[in-house]
Number of protein chains: 2
Amino acid sequence: MSQEDAQIELETSVGYLLKEASSALRSAMEAVLRPLGMSVTHYSCLELLAQRPGLSNSELARGAFVTRQSMNVLLQALERDGFVSRPDQAAEGRALPTRLTELGRSRLTVASAAVRGVEDRMRSGLDAVEREQLRALLARCVTALTDPASDPAAPR
Amino acid sequence: MSQEDAQIELETSVGYLLKEASSALRSAMEAVLRPLGMSVTHYSCLELLAQRPGLSNSELARGAFVTRQSMNVLLQALERDGFVSRPDQAAEGRALPTRLTELGRSRLTVASAAVRGVEDRMRSGLDAVEREQLRALLARCVTALTDPASDPAAPR
DNA sequence: TGACTCATGTCAGCATTCTGACATACTCTC
DNA sequence: GAGAGTATGTCAGAATGCTGACATGAGTCA
C-alpha cells in the first residue's frame, strides 16, 4: 500500500515530529551500541556518571528519564559486571554515591565515541546557528511542558 | 545533593535535549490519557487510523514507531474492546486493512482533545515562525539519521 | 520530643516492547 | 514455471520499564 501520500496532519504536528526524531535517534544509538554489548540506558547511565561522578541512584534515574526502580536494577547489573561501584552504606542520608570503575570508564570511552558519531550525523546538515536554535527551541518546549506555572490543569 | 550545578556537556547536547523533550511530552500525554484509560501507544494507533483509514498492522507499527509484533498485540486488544475492526481475511496480499468503529471514534475524540491541549501547552511559548523553524530543524535531523546516503557506516 | 513531610533504596508483580522464528502472499527474474 | 527476495501476520519467549509497597533517614514545625 501507499505509505507516502495522504499526510493530513501528522507530519505537521510538532509532537509527532519530536517523537519521530527521538525514535530515529534511539534506533541509531542502539545500532552502534549493540555491537558493543551495551543498551542506550546502559550508556546513558555511564555517561552521566562520567560527567557527574557521585550521582545517586535517584539522580541517575532522573537524568536518564527512567524511574528510580528501573535505574536500581540497571545499577545492580552494572555493579555486578564491575562497571560501577557503590559504597555499602551511606555516609549521610540514604543516597549512595555511585562512581565509575576503571573498567567502566574504558568501556564508556568506546561507546561515547560511537554515540558522538551518531549525534554528529544527526546534526550534519545543521550549522552552528541552527544547532543553537534547535537547542533553544527544544529547551523552551521542555520548560513549557514541565513548568507547573504554565499548566492550567495543575494550579495546586 | 545538588542537581542544578555542574552541567558540563549534557545540557548542551542536542541529543540529550531531544530525549528530554520527548520524555516530557510523553509524560504529559500519559498524564492526560490515564484518566481516560488510554495509553500513548493506544492513542497513537487510533489517531493514525482516524487520519488514514485502512492502514495495515505493519503500517500502523511504522507510524507509531514500534515493531509490528507490538502493534499486533495492541490491535488484538483494541479489536477485543471494540475500538477497531479488521476483516478476517485479506482481500489481497496479507495486509488486513484496519478501521475505527464508532466506539473507537468517539473515544478518540475525547483523547484527541486532551492531547491537543498538551501540544498547545508545549508550543505555548513559540510563535508561528518558531514552530515552523522547529519543525524544519527536526525534520532535517530525522532525514540525516534515516537517509542511508548520509550514513558513512552503511554503504552496503 | 513527637508528628508530619519528603526523598531515597529496594523488593515484588505486572505491563509493555522487543527479538527470534515460521508460514503465507506478492513481485521480479531467469 | 521455478527460484529468490521482500513484505506481512502471528506465535512464543526474553528483556525492559513501570506501578505499588515498605522501610529508612533527614528536615520542619508545633
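We name chains A, B, ... by the order of the sequence lines, and we start the count at 1 in each one. Heavy atoms only: backbone and side chains are in, while hydrogens, waters and symmetry mates are out.
- For the pair B:Arg62 and D:dT8, the criterion of a side-chain N or O lying under 4.0 Å from OP1 or OP2 is met.
- There is no side-chain donor-acceptor pair under 3.5 Å between B:Thr109 and B:Ser112.
- Residue A:Gln69 contributes atom CD, which lies 12 Å from atom P of C:dC11 at whole-angstrom precision.
- Atom CE in A:Met71 sits about 13 Å away from atom P in C:dT10, given to the nearest Å.
- One atom, CZ of B:Arg68, and another, P of C:dG20, lie 12 Å apart when rounded to the nearest Å.
- Taking atom CD of A:Gln76 as the reference point, atom C1' of C:dT10 lies 8 Å away to the nearest angstrom.
- Applying the 4.0 Å criterion to OP1 and OP2 of D:dA7, one finds that B:Ser58 has every side-chain N and O outside that range.
- In this structure, B:Asn72 does not reach the D:dG9 phosphate: none of its side-chain N or O atoms is under 4.0 Å from OP1 or OP2.
- Across all strands shown, B:Leu96 has heavy atoms under 4.0 Å from sugar-phosphate atoms exclusively, and none from any base.
- The shortest distance between the side-chain N/O atoms of B:Thr67 and the OP1/OP2 oxygens of C:dC18 is below 4.0 Å.
- Donor-acceptor pairing under 3.5 Å is lacking for the side chains of A:Ser39 and A:Glu30.
- Relative to the side chain of A:Arg94, the nucleotides D:dT8, D:dA23, D:dT10 differ in distance, and D:dA23 lies closest.
- Rounded to whole Å, atom C1' of D:dG17 lies 11 Å from atom CG of A:Leu74.
- Put simply, CZ on A:Arg34 is 10 Å from P on D:dT16, counting in whole angstrom units.
- Looking at B:Arg68 and B:Glu59, no side-chain N of the basic residue comes within less than 4.0 Å of a carboxylate O on the acidic one, giving no salt bridge.
- Listed pair A:Arg86 / C:dG9 fails the phosphate criterion, with no side-chain N or O lying under 4.0 Å from OP1 or OP2.
- Going from atom CD of A:Glu92 over to atom P of C:dT8 covers 13 Å, rounded to whole Å.
- For the side-chain contact (heavy atoms from CB on, under 4.5 Å) with B:Leu108, the lone residue among B:Leu103, B:Leu46, B:Val115 that qualifies is B:Leu46.
- Regarding contacts with the backbone of C:dT16, every side-chain N or O of B:Thr41 stays at 4.0 angstrom or more from both OP1 and OP2.
- Going from atom CG of B:Asn57 over to atom P of C:dT17 covers 13 Å, rounded to whole Å.
- A:Glu119 and A:Arg116 are not joined by a salt bridge, as no carboxylate oxygen comes within less than 4.0 angstrom of a charged side-chain nitrogen.
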